[in-house]
Visitor: 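Supplied in C-alpha cells, the structure appears directly below.
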Amino acid sequence: MAVILKVRGTRDLLPPETELWNRVEATTRALFARYGFGEIRTPIFEDTQLFARGVGEETDIVSKEMYTFTPADDVGRSAGRVTGESAGLPSRDEKAQSLTLRPENTAGVVRAYIEHKLNDIGTLQKLFYIGPQFRRERPQRGRYRQFWQIGAEVLGPAWSGAESPLRDAEVLEMLATLLDELGVRGWQLDLNSIGSTTDRPRYLAALRAALAPIKHQLTPDNQRRAETNPLRVLDSKDPRDQALIEALPCIADFLDEDSRSHFDQVKAALTACGVPFRDNPRLVRGLDYYTRTTFEFTIPDGSGLGTQNALLGGGRYDGLSEMLGGPKAPGIGFAIGEDRLILALEAQAEQESPVERKLDAFIAPMGISQNSAALVLARELRAAGLSIEVGEGAFRLKRSFETADKLAHRMVIVGEDEVASDLFTVKHFSRGEQEKVTRVGLAEALRR
RNA sequence: GCGGCUAUAGUUCAGUGGCAGAACGCCGCUCUGUGGCAGCGGAUGUCGUGGGUUCGAAACCCACUAGCCGCCCCA
C-alpha cells in the first residue's frame, strides 16, 4: 500500500515541540489578558468576497495565493443537477457560494465585529485570536501553506478612542513586552506612517509621477512594481536601484497635519515607554486596508528564519469596516507568525543547553502479577499531582531501569516484597541513591 | 508562480557504474530484583516515486513528488 503523506507546505507538530507552542500561547494569553484583550474565534473559511474586498483584489494574496473552493453540493445545485424537492435540498436557483480558507484573520474579525454589531456597544473592542491561516505560496523555512498566527485587533467607533495614537503605542508596547517575555533576543521594530485614506492617493499620484520618467532605468522587477504596486518599489532590496529610490518622494512629506501629528504622538508615547524603534519611511504593507501607522518586528539574519526575518507585522486600518459595508470603526492590529516565532526561539535555544524534561517517576512492576498494583499506585500518585509512567511486569528489571532512566527522575519498584511489607523501593537517578518508603510517604518522596 | 541545490537505516551522513555502509540510537546476551559504564551479538533499508540508458544503476538521463536556498510576496 502506498503511504499517504502530508500535503505540501503543511506540517505535523509533535512532542516535545508542541510543548514550546503551548508555552508561547500560554505566555501570550496571559499577557493579552493583562492588556484587556478577549479571545475571538472566527471560522476557518469565509465567503471569498470578504477577502477580495478586505485584503484587496489586486494583492498577491487574493489574486494568486488563496485556497478557494465551491462545495460540491453548491456546484451540483448551480448546474441544475439537484432537483430541489427531494430531501429538502435548497432550490436550484440558490447561487453556488465561493468559499475561501482564510489567508489572514483581520478581515474575519472585522466581519464578526460588524455582524454582531459590536460598534453599538460603544466601547473599545480588544480582541485576540490564535489559529491557522492558509496561503498557497511556495513553501520555505518559516513559510508554510498552513501557518499559525497570533493576532489582536483594537477597534471601536470613533468616539471610543479607537483612533487615538495612544492605542497604537499601547499595542506596540505590548508587543515589545511580549517578545521580551518570550525571550526573543535582538528584535527590531520598524515604524512608518503611510497616511490616511486621503493622504495615500495624493502620495501615490506623486510617486507615479516621479516614477514615470525614470522607470526605464529600473531593474525589470521594479519596473513591474512601478506599474502594479508602486509602493513596493520603496522597499526593494535591489542595490542597483537604491540611488533612484532614494530620490523618490517620501510619504512623510505627504501626511496632512492630522496624520503627521498622529504619527508624532505614537512615536512620543513609545519613547516615553522606552520602546526602541526605527523610523523607516520605506516600510509599506501589502494589504489594501492599512492606513497611517504600519510596523514590523524583525530579528537579525542568522536567527533561524533565513530571509523570512519578519516575526510579525501590522498596522492601522481606519477604513476597513466601511470597506466591508460596516460602520465607521477605526482600528489597529497585528499578526505574529507563530511558526516563525517558534523557529526563532528554537534557534536561540539551540545555542543554549537544552533542558531535559522528565517525568517525576516511573513505576516498575515486577512480574505481570504486579501490573494491576502498579497501575493502582500510578493512579494514586497521579491524583496527587505527580507525572507518572508505568512499566510492564513482563519486562526484566534491568530493562525497567533503562527505560525509567530515560523517562523519569526516579523509579519505584512494585514487587511482591514491596506490596507485602508496604515498603517501596525508590531509586533517585540523579543522586544514584535508593531508599525504602512506605506507601503514604511515596508522593512526598517522589516530589523531592 | 520562476530559478537553483538536495532526497541512502529511527537520526546524522559516507558511498561517481560491479556484495548496501559508518556513527549515534534501538533490541538481545554477558546480568532471572538494580540502570548509567564496558564487552559481544542482532535488525536496521521498496537507496523519495515512476520510467529510461546499461551485461549490470544508490550512482548516468528524463519526469514526478517532497524539503531546503534564492526570487516574487508576506506572518
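All chains are named by letter (A, B, ...) in the order of the sequence lines, taking the proteins before the strands, and each is independently numbered beginning at 1. For clarity, every value in this text was computed on a predicted model and none was experimentally measured.
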Visitor: Rounded to the Å, how far apart are A:Ile61 CD1 and B:rG1 C1'?
Guide: 15 Å

Visitor: Taking a pair as Watson-Crick or G-U wobble with both distances under 3.5 Å, which nucleotide is matched to B:rC71?
Guide: B:rG1

Visitor: Within a radius of less than 6.0 Å around CD of A:Glu58, do more than 12 heavy atoms belonging to other residues, nucleotides or ligands occur?
Guide: no

Visitor: B:rG67, B:rA75, B:rG36: which one has an atom nearest the side-chain heavy atoms of A:Lys6?
Guide: B:rG67

Visitor: Taking only side-chain N and O atoms of A:Gln140, does any of them lie within less than 4.0 angstrom of OP1 or OP2 on B:rG70?
Guide: yes

Visitor: For A:Glu433 and A:Glu338, find the nucleotide of RNA chain B closest to each by heavy atoms; which residue's nucleotide sits nearer the 5' end?
Guide: A:Glu433

Visitor: If the cut-off is 4.0 Å, is A:Arg399 near the phosphate of B:rG28, judged by side-chain N/O to OP1 or OP2?
Guide: yes

Visitor: Suppose you measure atom P in B:rC24 against the same atom in B:rG36; what distance do you get, rounded to whole Å?
Guide: 16 Å

Visitor: Please classify the nucleic acid contact of A:Glu418 as base, sugar-phosphate, or nothing, using heavy-atom distances under 4.0 Å.
Guide: base

Visitor: Does A:Thr59 have any side-chain hydrogen bond (donor to acceptor under 3.5 Å, both in side chains) partners at least two apart in sequence or in another chain, and if so, which?
Guide: none

Visitor: In whole Å, measure the gap between the C1' atoms of B:rC47 and B:rG21 for me.
Guide: 12 Å

Visitor: Please report, rounded to the nearest Å, how far the P atom of B:rA75 is from the CZ atom of A:Phe51.
Guide: 14 Å

Visitor: A:Val7 or A:Phe297: which one's nearest nucleotide on RNA chain B is closer to the 5' end?
Guide: A:Val7

Visitor: Determine whether any donor atom in the side chain of A:Arg135 lies under 3.5 Å from an acceptor atom in the base of B:rA75, or the reverse, and answer yes or no.
Guide: yes

Visitor: Roughly how far apart, to the nearest Å, are B:rC60 and B:rU11 at atom C1'?
Guide: 29 Å

Visitor: Under 4.0 Å, heavy atoms only, any strand: does A:Arg8 hit a base, just the sugar-phosphate, or nothing?
Guide: sugar-phosphate

Visitor: Among residues at least two apart in sequence or on other chains, which ones pass side-chain hydrogen bond (donor to acceptor under 3.5 Å, both in side chains) with A:Gln146?
Guide: none

Visitor: Should B:rU12 form a Watson-Crick or G-U wobble pair with both distances under 3.5 Å, which nucleotide is its partner?
Guide: B:rA22

Visitor: Among B:rG1, B:rG33, B:rA75, which nucleotide has an atom closest to any side-chain atom of A:Phe147?
Guide: B:rA75

Visitor: Is a donor from one side chain sitting under 3.5 angstrom from an acceptor on the other, for A:Asp168 and A:Thr293?
Guide: yes

Visitor: Using Watson-Crick or G-U wobble geometry with both distances below 3.5 Å, tell me the partner of B:rA58, or none.
Guide: none

Visitor: Between B:rU34, B:rG35, B:rC68, spot the one nearest the side chain of A:Asp405, thanks.
Guide: B:rG35

Visitor: Is A:Thr59 touching bases, backbone alone, or none of the nucleic acid, heavy atoms closer than 4.0 Å?
Guide: nothing

Visitor: In whole Å, what is the span from the CZ atom of A:Arg410 to the C1' atom of B:rG35?
Guide: 16 Å

Visitor: So is A:Lys267 actually on top of A:Phe263's ring, under 6.0 Å and inside 45° of the axis?
Guide: yes

Visitor: Under a 3.5 Å threshold, yes or no: a donor from one side chain and an acceptor from the other, between A:Asn192 and A:Thr294?
Guide: no

Visitor: Pick base, sugar-phosphate or nothing for A:Ile413, based on heavy-atom distances below 4.0 Å to the nucleic acid.
Guide: base

Visitor: Which part of the nucleic acid does A:Leu312 contact within heavy-atom distance under 4.0 Å: base, sugar-phosphate only, or nothing?
Guide: sugar-phosphate

Visitor: Under the ring pair (Phe, Tyr, Trp, His ring centres under 6.0 Å) rule, collect the residues that match up with A:Phe37, sequence neighbours excluded.
Guide: A:Phe32

Visitor: Establish, with yes or no, whether the OP1 or OP2 oxygen of B:rC26 is under 4.0 angstrom from a side-chain nitrogen or oxygen of A:Lys406.
Guide: yes

Visitor: Apply ring pair (Phe, Tyr, Trp, His ring centres under 6.0 Å) to A:Phe45 and list each qualifying residue two or more places apart in sequence or on a separate chain.
Guide: none

Visitor: Using atom C1' in both nucleotides, what's the gap between B:rG48 and B:rU6 to the nearest angstrom?
Guide: 11 Å

Visitor: Please walk me through it: do A:Arg53 and A:Asp288 pass salt bridge (Lys or Arg N to Asp or Glu O under 4.0 Å)?
Guide: CA-CA 9 Å; A:Arg53 279 161 64 184; A:Asp288 282 4; over 6 Å; no

Visitor: Work out how far the P atom of B:rU32 is from that of B:rU16, and round it to whole angstrom.
Guide: 46 Å

Visitor: Checking only heavy atoms, does the side chain of A:Lys398 share a donor-acceptor pair with the base of B:rG33 at less than 3.5 Å?
Guide: no

Visitor: Rounded to the nearest Å, what distance is computed from the CG atom of residue A:Leu397 to the P atom of nucleotide B:rG35?
Guide: 8 Å

Visitor: Taking CG from A:Asn222 and P from B:rC71, how many angstroms apart are they, rounded to a whole number?
Guide: 13 Å

Visitor: For A:Glu170 and A:Arg167, what are the C-alpha separation, side-chain angles and deciding distance, and is it a salt bridge (Lys or Arg N to Asp or Glu O under 4.0 Å)?
Guide: CA-CA 5 Å; A:Glu170 183 187 34; A:Arg167 287 344 329 177; 2.8 Å; yes

Visitor: When both hydrogen-bonding distances must be under 3.5 Å and the geometry is Watson-Crick or G-U wobble, what is B:rC64 paired with, if anything?
Guide: B:rG48

Visitor: Run the ring pair (Phe, Tyr, Trp, His ring centres under 6.0 Å) test against A:Tyr317 and tell me which residues pass, sequence neighbours left out.
Guide: A:Tyr289

Visitor: Watson-Crick or G-U wobble partner for B:rU30, using a 3.5 Å limit on both distances?
Guide: B:rA38

Visitor: Please classify the nucleic acid contact of A:Gly9 as base, sugar-phosphate, or nothing, using heavy-atom distances under 4.0 Å.
Guide: sugar-phosphate

Visitor: What does A:Asp339 touch in the nucleic acid at a heavy-atom separation under 4.0 angstrom: a base, only the sugar-phosphate, or nothing?
Guide: nothing

Visitor: Without decimals, in angstroms, what is the distance between A:Asn309 CG and B:rC71 P?
Guide: 11 Å

Visitor: Which whole-number value in Å describes the distance from A:Arg11 CZ to B:rC68 C1'?
Guide: 14 Å

Visitor: With a non-hydrogen cut-off below 4.0 angstrom, is A:Glu104 in contact with a base, only sugar-phosphate, or nothing?
Guide: nothing

Visitor: Is it the case that the base of B:rC31 and the side chain of A:Arg396 share a donor-acceptor contact (distance under 3.5 Å, atom types as modelled)?
Guide: no

Visitor: Could you give the CG-to-P distance, from A:Leu359 to B:rG35, as a whole number of Å?
Guide: 21 Å

Visitor: Please work out if A:Gly432 contacts a base, only the sugar-phosphate, or nothing of the nucleic acid, heavy-atom cut-off 4.0 Å.
Guide: base

Visitor: C1' atom, B:rU49 versus B:rC40: distance in rounded Å?
Guide: 40 Å

Visitor: Look at all strands and tell whether A:Gly142 reaches a base, only sugar-phosphate, or nothing, counting heavy atoms closer than 4.0 Å.
Guide: base

Visitor: Could you tell me how far B:rG4 sits from B:rC62 if I compare only their P atoms? Round to whole Å.
Guide: 12 Å

Visitor: Mind checking A:Glu296 for me? I need base, sugar-phosphate or nothing, with any heavy atom below 4.0 Å counting as a touch.
Guide: nothing

Visitor: So A:Ile150 and A:Tyr129, do their side chains get closer than 4.5 Å, heavy atoms only?
Guide: no

Visitor: Determine whether the aromatic ring of A:Phe429 stacks with the base of B:rG36, defined as ring centroids separated by less than 5.5 Å and ring planes inclined by less than 30°.
Guide: no

Visitor: Say you pick atom P in B:rG17 and the same atom in B:rA57; how far apart are they, in whole Å?
Guide: 14 Å

Visitor: Can you pull every protein N or O that's under 3.5 Å from an N or O on nucleotides 3-6 of chain B?
Guide:
from: B:rG3; atom 1: O6; to: A:Arg138; atom 2: NH2; distance (Å): 3.4

